[in-house]
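Mind looking over this structure? Questions follow.
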Amino acid sequence: MKQRKRQEGKGLKTAPSKVLETVLVSQMSLSVLMESSPSPILLQKQAAFPTEFVWPRGDLVHTQEELNEPLIDLEGFIKGDDEATAHAAELVRAACSNHGFFQVTNHGVDSKLIQAAYQDIDAVFKLPLDKKLGFKRKPGGFSGYSAAHSDRYSSKLPWKETFSFGYRGLDSNTSVVHYFRSVLGEDFDHTGWIYQKYCESMRELSLVIFELLAVSLGIDRSHYREFFEDGNSIMRCNYYPPCDNSGLTLGTGPHCDPTSLTILHQDQVGGLEVFTNNKWHAVRPRQDALVINLGDTFMALCNGRYKSCLHRAVVNRERERRSLVYFVCPKEDKVVRPPQDLMYRSGETREYPDFTWSDLLEFTQSHYRADVSTLQSFFPWLLSSNPTSSF
């Protein structure tokens with residue numbers, strides 16, 4: 001990849017590294033909450049809530065409305081039932097033209113595997129903070145542990161801990177197992193196998209979803225499946241501790257996913273919210289369902305027909321919350337452009353220039369904090385760096 005002049009995106013860290021040390025002292029409360037000792041939370045000893053975690057008032061608007069997104073039974077579609085396929089495609093088309101969120105049941109992912117994934121990852125978050133920092137995420141990367149993303153940002157920090165790693169689909173073999181073993185040791189072999197199986201199940205489901213998306217758009221059913229079959233993905237486990245000052249902070253700030261497709265399972269505490277029709281709407285947790293939402297890359301792949309929508313996660317004052325998130329991405333060097341039959345049939349003009357996932361990943365990991373305007377900010381940066389990109 002060509003060397004590019006660094007452009008500081010809004011919200012990216014510009015302060016000296018000492019800011020990280022200061023934040024981590026406050027952030028230690030996130031780990032203290034997971035310790036078996038009933039020691040007081042460090043932040044509760046402070047006279048004021050740390051400003052690094054305070055979000056603008058406009059981002060903190062409370063909601064009691066639910067999204068009412070469609071709940072799609074995939075059983076008929078997977079079995080090839082024509083009537084069920086037409087119905088599912090209609091529901092997907094309506095949701096994705098509006099906000100890009102829906103939930104699926106009978107998705108083929110074993111409920112026992114989902115529960116095992118939650119149970120096993122708890123042991124990672126329960127590790128002492130100094131051990132977790134031993135496998136913290138490296139600058140510009142996405143794998144490893146992160147405490148409130150304080151390694152990247154110095155303000156509007158999310159009230160959460162994350163553990164992330166990559167999954168390479170067809171070429172993975174036992175790559176997830178090897179990653180857990182290399183960063184956490186042999187004691188976490190079992191956890192590695194659980195997440196190896198979890199990622200394999202997520203990959204299979206994602207290919208089914210891509211087929212359904214293609215049917216809903218009226219293009220060759222296999223188009224997106226084939227595009228993503230050799231793709232890469234990012235698995236992220238989120239832990240949101242309780243927060244006495246939940247009205248001042250967020251678990252995840254408002255953003256659109258820069259990836260292609262997100263498959264999420266949230267526990268029964270709830271906290272995921274979507275911004276549509278100028279309001280925030282809560283996504284009701286369903287134990288037997290997985291939440292699906294489209295990202296910016298897929299919005300470009302369908303020429304803006306379907307939406308990548310602003311969403312966030314709120315924190316609970318009394319209860320911890322967890323979620324499992326699988327981000328689907330194409331292979332890094334694949335050119336992202338809408339299928340020709342979609343463009344020819346509709347007579348539409350191109351909304352976005354060609355780009356590769358590696359370019360967008362670099363932009364969001366090193367130059368820009370993902371928000372509602374990620375694509376609009378990405379393309380001027382891309383075109384100035386690579387004049388051969390075109391519509």
Side-chain angles (χ1 to χ4, degrees), residues 30-31 33-34 63 66-67 69 71 100-105 107 109-126 132 137 142-149 157-165 167 176 191 194-195 198-199 201-202 205-206 209 233-243 246 249-259 261-275 280-295 309-328 370:
L30 298 179
S31 291
L33 284 167
M34 290 295 290
T63 183
E66 289 193 349
L67 181 61
E69 74 286 357
L71 183 65
F101 276 77
F102 55 95
Q103 298 203 47
V104 295
T105 58
H107 40 64
V109 182
D110 191 340
S111 62
K112 293 181 181 179
L113 179 60
I114 295 174
Q115 291 308 309
Y118 277 121
Q119 292 169 7
D120 274 49
I121 205 63
D122 282 348
V124 175
F125 289 122
K126 286 179 181 178
K132 288 185 285 192
R137 186 174 59 192
F142 59 81
S143 295
Y145 170 79
S146 176
H149 297 334
L157 297 183
W159 189 261
K160 68 176 178 180
E161 296 177 70
T162 67
F163 180 65
S164 309
F165 52 90
Y167 175 69
V176 175
T191 306
I194 291 294
Y195 275 92
Y198 190 88
C199 288
S201 295
M202 290 294 108
L205 175 59
S206 72
I209 299 296
S233 298
I234 301 168
M235 181 71 213
R236 176 166 296 163
C237 307
N238 294 317
Y239 170 68
Y240 303 89
C243 181
S246 58
T249 191
L250 290 170
T252 302
H255 69 286
C256 296
D257 294 339
T259 49
L261 186 75
T262 303
I263 306 177
L264 173 142
H265 190 279
Q266 58 176 338
D267 66 14
Q268 297 305 293
V269 175
L272 175 63
E273 297 181 351
V274 178
F275 192 76
W280 286 106
H281 296 77
V283 177
R284 179 190 298 182
R286 299 178 186 273
Q287 193 165 5
D288 63 338
L290 291 163
V291 180
I292 311 295
N293 72 272
L294 304 183
C309 195
L310 195 68
H311 55 285
R312 69 182 185 182
V314 298
V315 291
N316 193 285
R317 184 179 178 86
E318 300 176 348
R319 301 176 65 187
E320 65 182 22
R321 175 180 180 261
R322 299 169 300 165
S323 65
L324 306 173
V325 194
Y326 184 81
F327 299 104
V328 186

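Keep in mind that what you see is a predicted model, and the values were worked out from it rather than measured.
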Practice item. Could you tell me whether the side chain of Trp280 reaches within less than 4.5 Å of the side chain of Leu310, counting heavy atoms only? Key: yes
**Study point:** For Gln119, side-chain contact (heavy atoms from CB on, under 4.5 Å) partners two or more places apart
**Key:** Gln115
Study note, to complete from the structure: Residue set satisfying side-chain contact (heavy atoms from CB on, under 4.5 Å) with Asp267, at least two apart, ordered chain then number -> Tyr118, Val269, Arg321, Arg322
Review point. Are Gln103 and Glu69 close enough that a side-chain donor and a side-chain acceptor fall under 3.5 Å?
Key: yes
Point to revise | Verdict with reasoning, Met235 to Tyr167, per side chain to side chain contact (heavy atoms under 4.5 Å, CB included) | key: CA-CA 7 Å; Met235 181 71 213; Tyr167 175 69; 5.8 Å; no
Check your understanding: Within a strict 4.5 Å, meaning less than it, do heavy atoms of the Ile209 and Val104 side chains meet?
Key -> yes
**Study point:** Heavy-atom pair of closest approach, residues Cys256 and Cys309
**Key:** SG-C, 3.6 Å
Practice item. Measure across His265 and Ala289 and return the closest heavy-atom pair with its distance rounded to 0.1 Å. Key: CD2-O, 3.4 Å
Practice item. Answer whether the closest heavy-atom distance between the side chains of Leu250 and Val314 falls below 4.5 Å. Key: yes
Check your understanding: OG1 of Thr162 to CZ of Phe125: how many Å apart, nearest 0.5 Å?
Key -> 6.5 Å
Check your understanding: Considering all heavy atoms of both residues, which atom of Ser164 and which atom of Arg236 are nearest to each other, and what is their separation?
Key -> OG-NE, 2.9 Å
Point to revise | 4.5 Å side-chain heavy-atom contact, Tyr326 and Leu261 | key: no
Exercise for review: Could you check if a side-chain atom of Thr262 sits within less than 4.5 angstrom of a side-chain atom of Ile292, using non-hydrogen atoms only?
Suggested key: no
Practice item. Answer whether the closest heavy-atom distance between the side chains of Ile263 and Ser206 falls below 4.5 Å. Key: yes
Practice item. Please check if atom CZ in Arg286 has more than 12 non-hydrogen atoms from other residues, nucleotides or ligands closer than 6.0 Å. Key: yes
**Study point:** Enclosure of Glu318 CD (heavy-atom neighbours >12, cutoff 6.0 Å)
**Key:** no
Review point. Is a side-chain N or O of Asp257 found less than 3.5 angstrom from the main chain of Thr259, in a donor-acceptor match?
Key: no
**Study point:** Minimum side-chain heavy-atom gap Val328-Met202 below 4.5 Å
**Key:** no
Practice item. Report the C-alpha separation of Tyr239 and Ile121 in whole Å, then their side-chain angles, then the decisive distance to 0.1 Å, and conclude whether the side chain to side chain contact (heavy atoms under 4.5 Å, CB included) test is met. Key: CA-CA 9 Å; Tyr239 170 68; Ile121 205 63; over 6 Å; no
Review point. Between CG of Leu272 and OG1 of Thr252, what distance do you get to the nearest 0.5 Å?
Key: 9.0 Å
Point to revise | ring pair (Phe, Tyr, Trp, His ring centres under 6.0 Å) against Phe101, all qualifying residues, sequence neighbours excluded | key: His311
Check your understanding: When rounded to the nearest 0.5 angstrom, what distance separates CG in Leu67 from CZ in Arg284?
Key -> 11.0 Å
Review point. Would you find a donor on one side and an acceptor on the other, under 3.5 Å apart, between the side chain of Trp159 and the backbone of Pro242?
Key: yes
Exercise for review: Give a yes or no answer on whether the side chain of Lys132 reaches the backbone of Val124 with a donor-acceptor pair at less than 3.5 Å.
Suggested key: no
Review point. Are any of the side-chain heavy atoms of Leu113 and Ile194 separated by less than 4.5 Å?
Key: yes
Exercise for review: Supply the atom-to-atom distance Leu264 CG to Asn293 CG, rounded to the nearest 0.5 angstrom.
Suggested key: 8.0 Å
Review point. Measuring from Lys160:NZ to Asn238:CG, what's the distance to the nearest 0.5 Å?
Key: 4.5 Å
Review point. Any donor and acceptor pair, going by atom type alone, linking the side chain of Tyr195 with main-chain N or O of Ala117 inside 3.5 Å?
Key: yes
